[in-house]
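So you know, we letter chains A, B, ... as the sequences are listed, proteins then strands, and number each from 1. None of these values were measured; they are calculated from a predicted model.
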Amino acid sequence: MSKIYESLNPPQQEAVSCTEGPLLILAGAGSGKTRVLTHRIAYLIEEKGVDPWNILAITFTNKAADEMRERVDRLVGNGCESIWVSTFHSACVRILRRHIDFLGYDNHFVIYDTDDQKSVVKDIVKRFDLDTRVYKEKALMARISQAKDRLLTADDLAKDARDSFEETAARVYREYQSVLVRNNALDFDDLIFRTVELFEKHPQVLDYYQERFKYILVDEYQDTNLAQFRLIGLLAEKYQNLCVVGDDDQSIYRFRGADIRNILQFENVFPDAVVIRLEQNYRSTAQILEAANFVIANNEGRKEKRLWTANEPGEKIRFRQFLNGFEEAEYIVGEIEKARREGEFRYKDCAVLYRTNAQSRLFEEKLLYAGIPYKIVGGINFYARKEIKDLLAYLKTVDNARDDLSVRRILNVPRRGIGDTTQARIQAYAEDMGYSFYEALRVAEEIPSMGRSLKKIEGFVNLIQTLKSKAELFSVRELLEEVIKATGYVEELQAEGTEEAESRIENIDELVSKSQAYMEAAEARGETPTLSAFLEEIALVADIDTVDNTQDYVLLMTLHSAKGLEFPWVFMAGMEEDLFPNVSYQRGGDEEELEEERRLCYVGITRAMKRLTMTSARQRMLRGDIQMHSVSRFVHEIPRDLVDLGYTVEDKNPKLSSVLPSQSPYAKMREAFRAKPYQKTASAPSPRNFGDSGKKDELDYTVGDTVRHAKFGVGKVTEIVKGGRDYEVTVEFDRAGRRKMFAGFAKLQKI
DNA sequence: ACGTGGCCACTTTTT
DNA sequence: GTGGCCACGT
């Protein structure tokens, strides 16, 4: 072995050199799996003489793919451009662009994002005249997506339907699919599903790719779903040189169809698979790692493993509880600023992780106020913004006029005086004649009762035709600018002059620079930039892909988005029962969901290299009303001698102590930790023993009583549930309807 | 045809 | 607290 492999530890070396046959690498957090993957690729090329052309590496995000390619480049030097390093979705798009005509699609298909899917479903719900109370778009979309993740067609779903909801869902699915086919569109799930279909129906195509990809590597294997599993299985079937890397403890996408069994049963599916464990962690301090180990040990369904590290013990894990989310945010922002001022950490060394995107707001406010550069990953996707979607719809229409959705979106944007009635008439005509929506527009004069609208429609068609002809000559960026000019989109916003319009214009400017950046990147890759490729790239970028490691900013993101990343200092905010673990696990009453939450916590803890701070708030505004929260059970699962609870409120923080009740929460916490020393076997932790002071022993009203609420008025108590620290009271108000509230806050008066 | 105001549901996580 | 949707009025 050449020198570069000597820096690897023995199991890592084994994982690199075991190149033939199926291989499962169980790589604990921070165990250097990316290093193993990149060295393995280098080894294949350099030592085994494998043609880079024959290697396929699948990662979870584009960012990870870029990083991997970069690192392989550094190891191997030239020749690695021809390695396919990409996500499942972009790999499938590449394959489908070449061969989807075998399935009767046009290779020029468009990709529908979640928003587009929603419009399609919504339209169908309306056409089927379904009760939207029962058949919610979201639920239907989830059904369809779930089915596709499991490679089920609408017929399969109809066959398995157990009730009328499922039957209807199958009907909607069938119609949804035919709309997509008509529009020559594929949704995210289709990208995988159709590729599997292509391989299964056309063995010669499969054979081509089996020959092409003799060596396959899959990262984050624990998060693959059935469709992805099948895809990989098909590709690897012939040569069996499949190397998957994953960690069952980091499986956090069950809700999206990820099947942890893909990793737990790898050895059953590939009986002669070699299994290698990477258990040495290079990332975190010993105390952080130990905390992570203790937390995850509470899960039952996992492969037993013991992560260890030779790193320094490091600092204790900091835990702080605050009165509310504002103070939590203020604290975290203050800590970051202080550390930077003192030269201890840069902004980019710090990341704030939380369970739900909604939590980002408070941090954003405080960071903005403090003048600290930051970037929020996730939330509302840049490309989901209205102005961006509008402009992209123009580009999509130019690119593929079969995409009815885009055409309809822009027909009256900006306002052209073409209203719903006209649109409905065109739609009806198109359906009668078997035309696409745009085709119907082009022959609008044939449509009866168009009247005054005809002129306007002709204007629109002319605009699109002109843009289409320009698309031949113009670069992507020029075309986009032409759209902006021809439609007067920005002008209209400027005329508005509001702050909101201002920010929309900024977004549009950003889109223009993104188109420029795309062109440059494509040319750097030696490709000719095309409109289709630009649109495709946009459809497949995740927000995390736009994180720029060279910029010094604080990163804020959900725990999910943080997977695969690492930071010197990690803040885990909102460590509260009901928020994290999230309440929905209780709705399902599902132990597995709780375990998934715990894995998410494990992922969060193991992102931290040097320092980890966990915070929680006693009260938090959730869905409009204030709720009391006790400290997350996950915090309790960390042995107390690993935790630094900070100063007491009385000592150091007079501002807090004046607001808080006489009992210091920190003193309470200490008691709690002291009272209940950590036991590894403890199966039922009592998470709610922090600061019970708010609980009233008795309420002066009971079920059936009439009470008055300051805001909601008079109502009747229908239910009282004893919560951890308070009573949850359900009241049927005369005016405000049924409300659930905490007795401590509601201040209900018996009358 | 289009704008406005009130009502409602919503918040888990995403390629 | 917020954004989306519907109904109504101009």
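Rounded to whole angstrom, the span from the CZ atom of A:Phe229 across to the C1' atom of B:dT15 amounts to 20 Å. Rounded to a whole Å, the CD atom of A:Gln222 is 16 Å from the P atom of B:dT14. When the P atom of C:dT2 is taken as reference, atom CG of A:Leu622 falls 15 Å away, rounded to whole Å. One interatomic measurement links the two molecules: CG of A:Leu411 to P of B:dC2, which rounds to 11 Å at whole-angstrom precision. We find that CD1 of A:Ile252 is positioned 11 Å from P of B:dT15, with the value rounded to whole Å. Here the P atom of nucleotide B:dT15 and the CZ atom of A:Arg94 are 20 Å apart, to the nearest Å. Atom OH of A:Tyr383 and atom C1' of B:dT15 are 15 Å apart (whole Å).
Contact annotation for A:Arg599: no contact, since no heavy-atom pair falls under 4.0 Å across all strands. Using a 4.0 Å heavy-atom criterion, one finds that A:Lys138 contacts the sugar-phosphate atoms exclusively. Residue contacts shown for A:Phe60 are limited to sugar-phosphate atoms, with no base heavy atom under 4.0 Å away. Across all strands shown, A:Lys122 has heavy atoms under 4.0 Å from sugar-phosphate atoms exclusively, and none from any base. At the heavy-atom level, A:Ala542 lies under 4.0 Å from the strands shown only through sugar-phosphate atoms. Heavy atoms of A:Tyr253 sit under 4.0 angstrom from primed sugar atoms or phosphate atoms, though from no base atom. The residue A:Asn62 sits apart from the nucleic acid: no heavy atom pair falls under 4.0 Å.
In this structure, the nucleotide among B:dT15, B:dA1, B:dT13 sitting nearest to the side chain of A:His89 is B:dT15. Of the candidate nucleotides B:dA1, C:dC5, B:dT13, B:dA1 has the atom nearest to the side chain of A:Thr422. Taking every side-chain heavy atom of A:Thr421 into account, B:dA1 is the closest of B:dT13, B:dA1, B:dT12. Checking B:dC2, B:dT12, B:dT14 against the side-chain heavy atoms of A:Ser561 singles out B:dT14 as nearest. Taking only side-chain atoms of A:His560, from C-beta outward, the nucleotide of B:dT13, B:dC2, B:dT15 with the closest atom is B:dT13. Nearest to the side chain of A:Thr87, among B:dT15, C:dC5, B:dT14, sits B:dT15. Closest to the side chain of A:Ile544, from the set B:dT11, B:dT15, B:dT12, is B:dT15. When each of B:dT12, B:dT15, B:dC2 is scored by its nearest atom to the side-chain atoms of A:Glu597, the top-ranked nucleotide is B:dT12. Distance from the side chain of A:Arg415 is smallest for B:dC2 among the nucleotides B:dT12, B:dC2, B:dT15. Each of B:dC10, C:dG1, B:dT12 was ranked by its minimum atom distance to the side chain of A:Lys136; first place goes to B:dC10.
At B:dT15, none of the side-chain N or O atoms of A:Ser90 fall inside 4.0 Å of OP1 or OP2 (strictly under the cut-off). Residue A:Asn357 has no polar side-chain atom (N or O) positioned under 4.0 Å from OP1 or OP2 of B:dT11. Listed pair A:Arg361 / C:dT2 meets the phosphate criterion, a side-chain N or O lying under 4.0 Å from OP1 or OP2.
Going from the P atom of C:dG4 to that of B:dT13 covers 16 Å, rounded to whole Å.
Ring planes of A:His560 and A:Phe255: perpendicular class, angle over 60° (limits at 30 and 60°).
For the 3.5 Å distance criterion, the side chains of A:Thr61 and A:Lys563 fail to qualify, holding no donor opposite an acceptor.
Side-chain N or O atoms of A:Glu597 include one that pairs as donor or acceptor with a backbone N or O of A:Asn582 at under 3.5 Å.
Of all the heavy atoms in A:Tyr383 and A:Lys514, the pair that sits closest is OH-CD, 2.8 Å.
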TODO: Go through A:Gln250 and A:Tyr602 one step at a time and tell me if the side chain to side chain donor-acceptor pair (under 3.5 Å) criterion holds.
DONE: CA-CA 7 Å; A:Gln250 292 186 62; A:Tyr602 177 77; 5.5 Å; no
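Exactly one of A:His629, A:Gln627, A:Glu576 qualifies for a side-chain hydrogen bond (donor to acceptor under 3.5 Å, both in side chains) with A:Arg620. That residue is A:Glu576.
By the 4.5 Å heavy-atom criterion applied to side chains, A:Glu327 and A:Arg618 are not counted as neighbours.
Both A:Asn412 and A:Val541 lie close to DNA chain B; mapped to their nearest nucleotides by heavy-atom distance, the more 5′-ward contact belongs to A:Asn412.
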